[in-house]
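Notes follow once the structure below has been shown.
So that the names make sense, note that chain A is the first sequence line, chain B the second, and so on, each numbered from 1.
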Protein chains: 2
Amino acid sequence: MAQDKTSDPRQSSGNKLSVLRKHPIFADLEPDALDQLCRYAKHTTVKRGATIAAKGDPGNNLFAVVSGTVKISSSSPDGRNAILNLIGPGEIFGEIAVLDGAPRSADATANTNCELYIIDRRDFLPFVKSQPELAMKFIELLCGRLRWTSQQVEQVILQNLPGRLASALLGLTEERKLDSGSGTLAITQQEISEMVGMTRESINKQLRAWAARSWVRLEHGAIVVLDIDALRELAESGLEGG
Amino acid sequence: MAQDKTSDPRQSSGNKLSVLRKHPIFADLEPDALDQLCRYAKHTTVKRGATIAAKGDPGNNLFAVVSGTVKISSSSPDGRNAILNLIGPGEIFGEIAVLDGAPRSADATANTNCELYIIDRRDFLPFVKSQPELAMKFIELLCGRLRWTSQQVEQVILQNLPGRLASALLGLTEERKLDSGSGTLAITQQEISEMVGMTRESINKQLRAWAARSWVRLEHGAIVVLDIDALRELAESGLEGG
DNA sequence: CGGGAATGGTCGGTTTCCCGACACTTGTCC
DNA sequence: GGACAAGTGTCGGGAAACCGACCATTCCCG
C-alpha cells in the first residue's frame with residue numbers, strides 16, 4: 001500500500017508528486033508550485049471505519065484520497081444517518097471548512113482502508129491565494145459540488161423511492177466510484193438506504209423487484225447493474241417502477 | 001422603483017455604484033474595479049412570474065437582485081415543482097453557470113416584481129480573473145451555498161414533515177428574505193410545500209396544528225412565527241410535533 | 001475452523017402522506 | 001364593483017413507507 005517511506009523525504013516527495021498530479025485540481029500547477037505542495041502534504045493511512053473528521057470540528061485540514069473511499073455523512077440525534085457523498089481516489093474532500101474557516105458541516109469516515117494526503121490549512125490557504133489559477137480551479141470544483149448537491153435536493157423532492165433509487169444507482173455507476181468493472185457496485189443496501197433517505201427494507205424490496213426483471217443482480221455486499229437504460233428511463237420519468 | 005434612468009449614464013452609474021457596493025461580494029472591491037463593474041452592469045426590471053433564466057440555457061449572465069425576490073426552482077416532467085432557493089435584495093444568483101460554463105441547472109423566475117442588474121459572462125469572467133480578491137469572495141460565496149444545500153439534503157433525509165417544515169420556517173425567518181418585520185413571512189403554503197417536498201394539504205394540516213398551539217399565526221399569503229423556540233426545538237430533535 | 005459480526009431477506013401492523021375533490025375567502029385587475 | 005384568479009381550509013380513501021421483529025447467509029478475524 002504505502003510505498004513511500006516517510007523516513008526518506010526524497011523518495012516520499014517523488015511519489016507524492018506523481019500522485020498529486022493525478023488530482024485534476026492540482027494537475028495544471030507549475031512544477032515549482034506542485035513541488036511546494038508536496039512539501040505540505042503529509043501521508044497517512046486510516047483503517048476502515050475510522051473517523052477522519054467530525055462535524056463541528058474546526059476545519060484545519062484538506063484531504064486528498066490516494067486509495068480507498070471516504071464517506072461524508074451526518075447523523076441525527078435519534079441515530080438516523082445520512083450519507084451525503086462518497087469520495088474516491090483522485091478526489092479531495094474537506095475543502096469547504098478549509099476555504100471558509102467555518103466548522104465542518106459533516107463527518108468523514110473511512111469507508112474502506114484508506115491512504116490519504118493531509119494538508120494543513122495554515123499552509124494551504126496562503127498557497128491558494130498565491131496561485132490565481134488554483135483559486136479558479138477551486139471555483140470550478142465548488143461549482144461541480146453545488147450542481148451535484150442541488151440535484152440531490154431536486155431528486156429527493158421530486159421523485160419517489162423507485163426514481164430516487166434508480167438515480168442513485170445511475171450516479172454510482174457513472175462515477176464508477178465503487179465500480180469494480182462491468183457495473184458491479186461494492187455497496188451495501190444499508191448504505192444505499194442512507195444515501196436516498198429510505199429504510200433498508202424498502203430498498204431491499206425494490207431491488208429484488210428489479211432483480212426479478214433482470215435489471216440488476218444482487219450479490220453479497222454488492223449490486224450489479226444489468227440494464228442501465230431501464231434505470232435511466234425510470235429515473236428521468238420519475239414515476240412508476242414498482 | 002427604478003430611480004436611475006438608463007438614458008442618463010452619469011446618474012445611472014452613480015446609483016449602480018451605491019447599490020453594487022451593498023452586495024457583500026463586491027463591497028471590498030477597489031473603487032476603480034467597482035467603477036468598471038458598474039459599466040458592465042445593465043439595469044432591468046422583470047414582472048412577477050416572468051422567467052429570468054431557464055434550465056438548460058447557456059449561462060451567459062450573472063444577476064444581482066436590487067429589489068424583489070427571485071425563485072430558483074426546477075420541475076419534473078409530471079408537473080411537480082421543487083423550490084431550491086429564494087434570492088433577495090443584496091444577493092446574486094446565476095453565478096454557477098457563469099463560473100463553470102455549463103448549462104443552467106435550474107429555472108429562475110421573478111417571485112415578485114424585481115429590479116435586477118445583469119452582467120455579461122464575457123465581461124465578468126476576465127474581470128474575476130483580474131481580481132484575486134474577488135475570486136476568494138466567490139469561493140466563500142460558493143462554500144456558503146454548498147453548506148446551505150447540503151443541509152437541505154440532510155434535513156430531507158433525516159427529518160419527517162414536522163421537522164422539515166420547522167426547519168424551513170426557521171431558515172426563512174432567520175434569513176429574513178421574506179420577512180416584513182416581526183416574523184411575518186410573505187410566502188404561500190403552496191410555495192412552502194415545494195420547498196420541503198410535501199403536498200400543500202399536508203403543510204396546511206401541520207401549520208394549523210401549530211396555529212392551534214399558538215406557535216404560528218396564519219394569514220392570507222403569509223405566516224407569522226410566534227414561538228420560534230418551539231420550532232427550533234422541534235427542528236433540532238427531528239422528531240414528533242404532530 | 002469456529003464464532004461473531006455484518007449483510008441480506010422477510011413479514012404484518014401501523015402511521016404517514018398522497019391524491020382528488022370541493023367550498024370558501026381574499027385579493028386583484030379591468 | 002364585479003368577475004376571476006389565487007390562496008386557504010377540509011375530507012376520506014388508498015397507497016406508500018416505516019417500524020420492529022425475526023432468521024438465514026456470508027464474511028472476517030482470531
Any sub-3.5 Å donor-acceptor pair from His43(A)'s side-chain atoms to Tyr117(A)'s backbone N or O? no

The first and last nucleotides of DNA chain D lying within contact of chain A, meaning any atom under 4.0 Å from one of its heavy atoms, run from dA17(D) to dC27(D)

Just checking Arg208(A): base, sugar-phosphate only, or nothing, at a heavy-atom cut-off of under 4.0 Å? sugar-phosphate

I'd like to check Leu62(A) versus Ile92(A) (side-chain heavy atoms, cut-off strictly below 4.5 Å). Are they in contact? yes

Opening and closing nucleotides of DNA chain C in contact with chain B, under 4.0 Å to non-hydrogen atoms: dC17(C) to dG27(C)

Glu95(A) with Arg145(A): basic N within carboxylate O range, under 4.0 Å: yes

Side-chain donor-acceptor pair under 3.5 Å between Arg164(A) and Asn160(A), yes or no? no

Hydrogens and angles aside, do Lys55(A) and Ser105(A) bring a side-chain donor and acceptor to less than 3.5 Å of each other? no

Both Arg80(B) and Thr188(A) contact DNA chain C. Which one's nearest nucleotide lies toward the 5' end? Thr188(A)

Pair Glu191(B) + Arg200(B), salt bridge at N-O below 4.0 Å: no

Look at the side chain of Asn111(A) and the backbone N and O of Thr69(A), then say whether any donor-acceptor pair between them is shorter than 3.5 Å. no

If you assign each of His220(A) and Leu161(A) to its closest nucleotide in DNA chain D, which residue comes earlier from the 5' end? Leu161(A)

Check the side chains of Glu154(A) and Ser74(B) for a donor-acceptor pair under 3.5 angstrom, ignoring hydrogens and angles. yes

